[in-house]
Asker: 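For reference, the structure I am asking about is given below.
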Amino acid sequence: MSALRVLVQREDIDVGAELARLEALGGGGLASFTGIVRGEGGMAMLELEHHPGMTGKVMRDIAEQAAERWTLAGVTVIHRYGELRAGERIVLTAAAARHRHAALEACAFLIDWLKTEAPFWKKEHFADGRSAWVESRSSDTAATDRWRP
Amino acid sequence: MSALRVLVQREDIDVGAELARLEALGGGGLASFTGIVRGEGGMAMLELEHHPGMTGKVMRDIAEQAAERWTLAGVTVIHRYGELRAGERIVLTAAAARHRHAALEACAFLIDWLKTEAPFWKKEHFADGRSAWVESRSSDTAATDRWRP
Amino acid sequence: MAIDLLYFAGIREAIGLSGERVDPPASVARIVDLVDWLVERGNGYVAAFADRTRLRAAIDDRFVDLTASLAGAREIALFPPVTGGAA
Amino acid sequence: MAIDLLYFAGIREAIGLSGERVDPPASVARIVDLVDWLVERGNGYVAAFADRTRLRAAIDDRFVDLTASLAGAREIALFPPVTGGAA
């Protein structure tokens with residue numbers, strides 16, 4: 001049984017506290033991925049919209065899939081929504097496991113699947129007043145596909 | 001140019017602070033791996049010996065190899081030595097990058113290479129007074145070999 | 001039978017609503033039929049559903065194909081491909 | 001010519017020293033020769049170097065094969081395979 005922690009929140013993610021929580025499970029190895037808002041091309045603010053009724057369920061489903069696929073002591077998946085500035089954290093995926101490769105692979109799996117399966121949409125707001133929805137990328141779909149049987 | 005941070009230290013590793021430092025480089029994605037002492041089979045204390053003149057050089061060399069291989073904003077590698085109890089952190093590898101797969105792969109590369117190339121030796125001290133040096137494992141050598149050209 | 005519709009991202013902006021309750025005729029059997037029926041309303045709906053290759057849907061919080069049946073559905077979400085995560 | 005030797009882990013414990021300065025004869029040209037020469041001292045050295053498949057070496061902080069030449073070496077470290085990292 002893996003300890004699953006899945007959160008969808010407006011607030012910042014306390015990465016140190018989240019990783020300490022997973023460390024305490026005694027897994028031996030702990031891998032994490034943190035996504036940060038990049039401030040490229042004059043982007044001033046990133047708006048993250050989501051499907052509130054669905055996001056938590058999809059994220060929990062992804063976490064459960066990771067826990068079935070690898071032997072994990074724990075899995076944490078946290079995704080933010082709302083208005084984020086450059087340098088702010090968007091997402092954290094983390095996995096604790098006895099073996100380092102299980103932790104690292106589960107962490108990569110989680111972030112790949114979140115990108116293509118979790119109902120979030122990003123809109124970039126630029127300093128000059130323009131704004132545009134971020135288009136999905138085929139490279140992300142390909143990254144998810146590599147985990148399919 | 002990647003920012004390289006390589007430390008060999010007796011003190012604990014402040015994972016939250018180390019990751020925040022890498023986040024500030026603006027890479028977009030940040031992967032980390034933390035190794036924790038497992039308290040299995042009645043192990044009370046893990047003694048970590050190292051070659052003080054050599055460890056820092058080897059670790060810097062491994063970090064530079066990662067920075068050559070992937071496009072990284074920054075790399076952090078911290079390995080502890082001395083007497084560690086179950087639940088304590090031994091090692092942290094982390095990489096910040098524009099692309100999440102570069103960060104995750106670099107992080108896996110760093111921990112695989114540290115295990116087989118950095119001059120550290122572990123001795124397990126058990127509650128009943130026994131102690132034994134940990135033997136190297138062929139699975140670790142194989143893990144490093146997968147990164148060779 | 002009344003169904004709750006939810007719109008997200010560009011679809012929401014084009015239509016100008018985050019959701020609405022609709023009561024389509026019995027001939028509207030699948031999601032694609034529902035979309036065709038909505039497009040008949042004109043303007044915002046036409047723009048929202050102009051590119052069907054970039055339309056995705058969920059019924060009662062589960063992703064479905066656009067050919068999925070509406071039978072038994074209580075809530076239908078219509079949205080572009082997702083773009084969460086990072087880097 | 002005098003060379004500084006460093007011993008680590010099980011090698012250090014078997015010999016009972018973390019290091020020493022030695023001045024081997026000119027016939028001691030490679031690391032393996034040095035090890036053979038040390039083993040002649042008996043007891044702890046015999047035990048330390050009993051299994052050569054589990055012996056590793058570094059010259060002046062660089063890993064080398066046991067057949068490496070001692071020419072120009074200032075410091076030689078002798079140790080078992082490394083076991084750092086975690087999990």
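Heavy atoms only: backbone and side chains are in, while hydrogens, waters and symmetry mates are out. Just so it is clear: chains get the letters A, B, ... in the order the sequence lines come, proteins before strands, and each one is counted from 1.
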Asker: Supply the atom-to-atom distance B/E88 CD to A/E23 CD, rounded to the nearest 0.5 angstrom.
Answerer: 10.5 Å
Asker: Donor-acceptor pair, B/R100 side chain versus A/G35 backbone, under 3.5 Å?
Answerer: no
Asker: If only atom types and distance count, is the side chain of A/R38 paired as donor or acceptor with the main-chain N or O of B/G26 below 3.5 Å?
Answerer: no
Asker: Answer with side chain, backbone, both or neither: which region of A/D112 has an atom nearer than 4.5 Å to a non-hydrogen atom of chain B?
Answerer: both
Asker: Between A/V37 and chain B, with a heavy-atom cut-off of 4.5 Å, which part of the residue counts as in contact: side chain, backbone, both or neither?
Answerer: neither
Asker: Would you say B/L19 and A/S32 make side-chain contact, with heavy atoms under 4.5 Å?
Answerer: yes
Asker: Is there side-chain contact between A/T34 and B/L22, with heavy atoms separated by less than 4.5 Å?
Answerer: no
Asker: Check whether any side-chain heavy atom of A/F33 lies under 4.5 Å from a side-chain heavy atom of B/L104, and answer yes or no.
Answerer: yes
Asker: Just to verify, what does A/F109 make a ring pair (Phe, Tyr, Trp, His ring centres under 6.0 Å) with, not counting sequence neighbours?
Answerer: A/W70, A/W113, A/W147
